Amino acid sequence: MTALERRSVTSLALLYNFRMLGLFMVLPLLALYAIDFEGATPTLIGIALGAYGLTQACLQIPFGWLSDRVGRKPVIIGGLLIFAFGSIVAALADSIDGIILGRALQGAGAIASSVMALVADLTRPEQRTKAMAIVGASIGLAFALALVLGPLVAGFGGLEAVFGFTAFLALCGIAIVTWQIPDPPRTGTIHAEVGARPGLMGLSLRNPTLLRLDAGIFTLHFVLMASFQVVPGVLEGAIGVDREQHWQVYLPAVLLSVLGILPLMRLAEKGGRPHLVFLGSIGLLFLSLALLGLVREPWLFYAALWLFFVGFNYMEAVLPSMVSKAVDPGGKGTALGIFSTAQFLGIFAGGAAGGWVLEQYGVTGMTELCLGLIALWFLVALPVPRTVPAAVGGVSSP
């Protein structure tokens, strides 16, 4: 990369990290802290947890289209302002309804497509895939940091401090866009690699390989949001870890998950068994969720949490790659746009449906729901993907 490309990609990765960090930080916290707010029930807490996914799913593609017409930077700055406003609304809330509104506003600042389009604007074609991978990797880093920073910041001032810190991160993001990121030379250019295009949506929605991957990312994030309505309470209650110390459990579990992911990747890539490893990772998620819902021995619970992060982080890394390889280059942006929409819908559904099931049927019911969805995903993913003719919109996935 040139110096300008390195600066652009680094700045955009930092911007993306700040935004996703703000969204993820409440994941290990809401189930513990929001119960004290007026009107709070497990169902409404679940809706608050996943509300940003619904507005994000509805608005990310329109925001991408808007950035094609009015420019990337205005759309990104506008989205960050909406995100900051939503964070302030949530920080000042004294009821669960206020937190739901704030979280929905956070998601309404849907700038993911615009950020990726700006990456494409500021990089040469031969460097574009690498640049997008770097920015995309910031999501995983943000997730890991959020599990650590969330409990630490909440220890100083509860959810109010967390949402206030999130608003500060959004303002830092605006500063990065304004002063660190160069103006794109071709603002508004449409790239095949990013952004959904109306004329290509039908092709992606008729591609069975892509539909299976969309179902997978929906399920993956459904169980993430549902399970984190249970895990923090079990850690504090049955395991006996103070909520301010939860980061000491999450940090080693996430970091050590790399030790489990690397052998899976080696077996998939060098061993030539990607589909077998893919199915095995779904099995890991099933086993880990069963243990998390049933066991209360600390060492076994920690092992189950580690297994969950191994399976989750592996899937989070390989699913977008599989989407990219399942379509021809001209349809990649549309396929990934639909894929991301399925991901955000899974976030909302996991929060809302998970909260309702938890309120009605308890931890056992929640565990059965997640295990049922994982089992269904396994059955959907079981057939080995076939080659899709280029004229239909794809090639074989791994």
Side-chain angles (χ1 to χ4, degrees), residues 22-54 86-107 146-167 221-250 289 292-294 296 298 301 305 308 347-370:
L23 289 172
F24 286 145
M25 280 179 67
V26 300
L27 183 60
L29 303 173
L30 267 181
L32 295 175
Y33 288 85
I35 197 65
D36 297 327
F37 282 71
E38 178 185 345
T41 65
T43 300
L44 292 178
I45 291 173
I47 292 174
L49 192 64
Y52 86 88
L54 181 61
S87 300
I88 293 171
V89 168
L92 298 177
D94 55 8
S95 69
I96 192 64
D97 292 336
I99 294 181
I100 292 173
L101 175 60
R103 290 284 284 171
L105 286 169
Q106 284 185 319
L147 294 178
V148 176
L149 283 179
L152 284 174
V153 175
F156 289 100
L159 286 180
E160 181 179 354
V162 172
F163 285 121
F165 183 65
T166 297
H221 283 266
F222 185 106
V223 299
L224 174 70
M225 304 307 283
S227 60
F228 266 89
Q229 296 178 63
V230 173
V231 168
V234 174
L235 269 178
E236 184 177 50
I239 306 301
V241 181
D242 291 339
R243 61 182 62 178
E244 292 84 4
Q245 308 302 319
H246 282 192
W247 67 271
Q248 297 180 8
V249 175
Y250 296 133
L289 288 168
L292 288 172
L294 298 175
R296 294 299 177 264
F301 187 86
L305 193 62
F308 176 81
I347 287 170
F348 173 70
W356 183 83
V357 169
L358 183 62
E359 183 172 353
Q360 299 297 320
Y361 302 103
V363 174
T364 301
M366 174 78 86
T367 302
E368 291 173 350
L369 171 65
C370 291

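Everything quoted here is computed from the prediction, not taken from an experiment. Heads up: numbering here begins at 1 and tracks the sequence.
Screening Ile99, Leu32, Ile35 for a side-chain contact (heavy atoms from CB on, under 4.5 Å) with Ile45, the sole residue that qualifies is Ile35. With Arg103 as reference, Leu23 is the one residue of Ile47, Leu23, Val89 to meet the side-chain contact (heavy atoms from CB on, under 4.5 Å) rule.
When every heavy atom of Ile239 is checked against every heavy atom of Arg296, the shortest pair comes out as CD1-O, 3.5 Å. Heavy atoms only, all atoms of each residue included: Gly355 and Met366 are closest at N-CE, 4.4 Å. Here the closest heavy-atom approach between residue Ala51 and residue Ala104 is recorded as CB-N, 4.0 Å. For the pair Ile96 and Phe37, the tightest heavy-atom approach, listed with the atom from each and the gap, is N-CB, 3.9 Å. Summarising the geometry of Thr166 relative to Ser87, their closest heavy-atom pair is CG2-OG, 3.2 Å, with the distance given to 0.1 Å. Summarising the geometry of His246 relative to Val241, their closest heavy-atom pair is NE2-O, 3.0 Å, with the distance given to 0.1 Å.
A 4.5 Å side-chain heavy-atom check between Tyr250 and Leu305 finds at least one atom pair inside the cut-off. Side-chain contact between Phe24 and Leu147 is absent, with no heavy-atom pair separated by less than 4.5 Å. In this structure, Leu49 and Leu27 have side chains that are in contact, with non-hydrogen atoms separated by less than 4.5 Å. Under the 4.5 Å side-chain criterion, counting only non-hydrogen atoms from C-beta, Leu44 is in contact with Ile100.
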